[in-house]
Amino acid sequence: MILECIKMSLGEEDESGRRKPVKMDGSEFKLNFDSIITAIGQDIILDFLPPQKMQVNSDSFETQFENVFAGGDVLRGADSLINAIGDGKNAAIKILEKSKTKLKEKPSCVKKLSLTEFQMKQAHREFGIALPETELDERKGFELVNPLLTDEQAIKEAERCLYCDDICNICVGVCPNFAIVSFESAKTNIPVYKVYNASSSAKFEVYDYFEIKQDHQIFNIADFCNECGNCVTFCPTNGSPFQTKPRFYLTDESFNNEEYGYFISKNQIKYKSKLGIESLSLKNEFMIYENDNIVVNFNKNNFDLMDIKFKNNKMEELILGRASEMYYLLNNLNNHSLLVA
């Protein structure tokens with residue numbers, strides 16, 4: 001069987017700035033193969049169903065046919081394998097819930113690597129073994145083309161594991177500008193306060209909690225980031241790290257020139273948005289949070305709210321969610337070599 005091929009080159013940029021491939025004249029060549037499996041596209045064949053479109057509930061994954069569930073390409077169209085796997089898992093959970101089957105509790109996660117050990121493991125490439133393969137003239141029955149690995153081979157392959165379930169950091173590795181930075185912090189719950197400007201005195205209550213569920217976190221250095229999208233493309237959870245993670249500027253000048261983000265200096269962190277600038281400063285035994293409407297004193301050790309002063313008497317109530325996030329970031333990044341000179 002012969003496959004005729006043509007070499008291509010990149011042409012001129014189109015309106016979007018993308019260079020399209022164009023045929024190179026006289027570059028045709030042929031390749032000989034024993035067999036060719038075409039995989040130039042994919043489609044969903046539902047000819048075994050009545051003549052109607054498959055309808056899938058995106059929340060329950062159940063189709064218009066009772067107790068028939070679907071996901072992956074049937075739900076999304078052509079998409080990534082990781083999304084299809086996620087749909088399969090989530091559909092299985094919905095099936096168990098509908099059948100009133102109690103889910104088994106997840107085993108407690110044991111941390112396997114420190115951040116340093118993880119970085120060292122990523123820095124060294126360990127090639128996989130050459131998979132054993134049955135010779136062509138011996139493929140006459142139902143024996144596997146790739147026989148099972150020996151115990152020794154299986155162990156060697158398993159040792160190549162990068163422990164993605166322990167630390168991800170894919171966005172850190174694929175960022176060409178070193179704009180995505182990882183750091184370690186303890187899991188924690190920080191109270192989010194709601195404060196009231198009462199007639200006699202200010203009052204407050206714990207409204208929610210700012211929760212950190214993972215030991216390994218990342219932040220974005222906006223000065224280095226050109227928003228190339230690598231972190232978005234390779235994120236296994238469909239995240240946008242350069243947008244959704246804390247975005248820091250390295251100088252007062254770059255901080256002042258942008259619409260939103262953080263700037264951290266020794267014992268102070270500032271956040272800028274369309275609502276103005278908020279700051280949290282460490283002074284003696286207190287963390288002092290301030291914006292255009294309020295000044296609040298917190299205990300620096302446990303974030304207990306100590307004192308409230310409203311600047312704007314028209315402001316009746318305020319939720320201090322940003323203050324809780326700033327407290328976490330200042331405690332963990334106050335001495336970071338990249339952020340604080």
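None of these values were measured; they are calculated from a predicted model. Here, residue 1 is the first one in the sequence, and each next residue gets the next number.
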Q) Going by distance alone, is a donor N or O of one side chain under 3.5 Å from an acceptor N or O of the other, for Y196 and E205? A) yes
Q | Between K266 and N335, a side-chain donor and acceptor under 3.5 Å | A | yes
Q. Just one of L275, N312, L318, I277 clears the side chain to side chain contact (heavy atoms under 4.5 Å, CB included) bar with N291, so which one?
A. L318
Q | Residues clustering with V232 (ILVMFWY side chains joined when closer than 4.5 Å, directly or via others) | A | F242
Q: Please tell me if the side chains of N267 and N334 come closer than 4.5 Å, counting only heavy atoms from C-beta onward.
A: yes
Q. For E12, does its backbone N or O pair with a side-chain atom of K20 as donor and acceptor, under 3.5 Å?
A. no
Q: Considering non-hydrogen atoms only, spot the tightest contact between Y163 and K121 and give its length.
A: CE1-CE, 4.0 Å
Q | salt_bridge(E62, K98) N-O dist < 4.0 Å | A | yes
Q: I would like to know whether I308 and I294 meet side chain to side chain contact (heavy atoms under 4.5 Å, CB included); could you show each step before the answer?
A: CA-CA 7 Å; I308 308 168; I294 198 170; 3.6 Å; yes
Q.
So does K245 get a backbone contact from the side chain of N220, meaning a donor-acceptor N/O pair under 3.5 Å?
A. no
Q: State whether R247 and E259 are salt-bridged, where the test is any N-O pair (Lys NZ or Arg NE/NH1/NH2 against Asp/Glu carboxylate O) under 4.0 Å.
A: no
Q: For S254 and N257, test the side chains for any donor-to-acceptor distance below 3.5 angstrom and give the result as yes or no.
A: no
(Q) Hydrophobic cluster membership, with links at side-chain heavy-atom distances under 4.5 Å among I/L/V/M/F/W/Y: are L338 and M326 in one? (A) yes
Q) Donor-acceptor pair, S281 side chain versus Q268 backbone, under 3.5 Å? A) no
Q: Check the pair L3 / F33 against side chain to side chain contact (heavy atoms under 4.5 Å, CB included), numbers first and verdict last.
A: CA-CA 7 Å; L3 180 68; F33 294 94; 3.9 Å; yes
Q. Are F224 and F178 close enough that their ring centers fall under 6.0 Å?
A. no
Q: Please answer whether the main-chain N or O of M315 pairs with a side-chain N or O of N197 as donor and acceptor at a distance below 3.5 Å.
A: yes
Q) Which one of L75, I95, N90 satisfies the side chain to side chain contact (heavy atoms under 4.5 Å, CB included) criterion with F69? A) I95
Q) Does the distance from a Lys or Arg side-chain N to an Asp or Glu carboxylate O, for E290 and K311, drop under 4.0 Å? A) yes
Q | Check: C228 main-chain N/O paired with N226 side-chain donor or acceptor under 3.5 Å | A | yes
Q. Hey, is D14 close enough to R19 for a salt bridge, meaning N to O under 4.0 Å?
A. no
Q: May I ask you to decide if N301's main-chain N or O and N299's side chain share a donor-acceptor pair within less than 3.5 Å?
A: yes
Q) Between the side chains of E278 and Y262, does any donor sit under 3.5 Å from an acceptor? A) no
Q. Do L330 and M287 touch side chain to side chain, with heavy atoms closer than 4.5 Å?
A. yes
Q) Can you find a heavy atom in the side chain of K274 that is under 4.5 Å from one in the side chain of Y260? A) no
Q | Check: F219 and F183 side chains under 4.5 Å, non-hydrogen atoms | A | yes
Q) Is there side-chain contact between F263 and I269, with heavy atoms separated by less than 4.5 Å? A) no
Q. Are side-chain heavy atoms of Y209 and V192 found at a separation under 4.5 Å?
A. no
Q: Check whether any side-chain heavy atom of V145 sits under 4.5 Å from a side-chain heavy atom of E133, and report yes or no.
A: yes
Q) Are any of the side-chain nitrogens in E159 or K156 under 4.0 Å away from the carboxylate oxygens of its partner? A) no
Q) Can you find a heavy atom in the side chain of K194 that is under 4.5 Å from one in the side chain of F204? A) no
Q: Check I288, D307, L305 against F298 for a side chain to side chain contact (heavy atoms under 4.5 Å, CB included) and give me the one that passes.
A: L305
Q) Would you find a donor on one side and an acceptor on the other, under 3.5 Å apart, between the side chain of T150 and the backbone of Q153? A) yes
**Q.** Side chain N57, main chain S60, donor-acceptor under 3.5 Å
**A.** yes
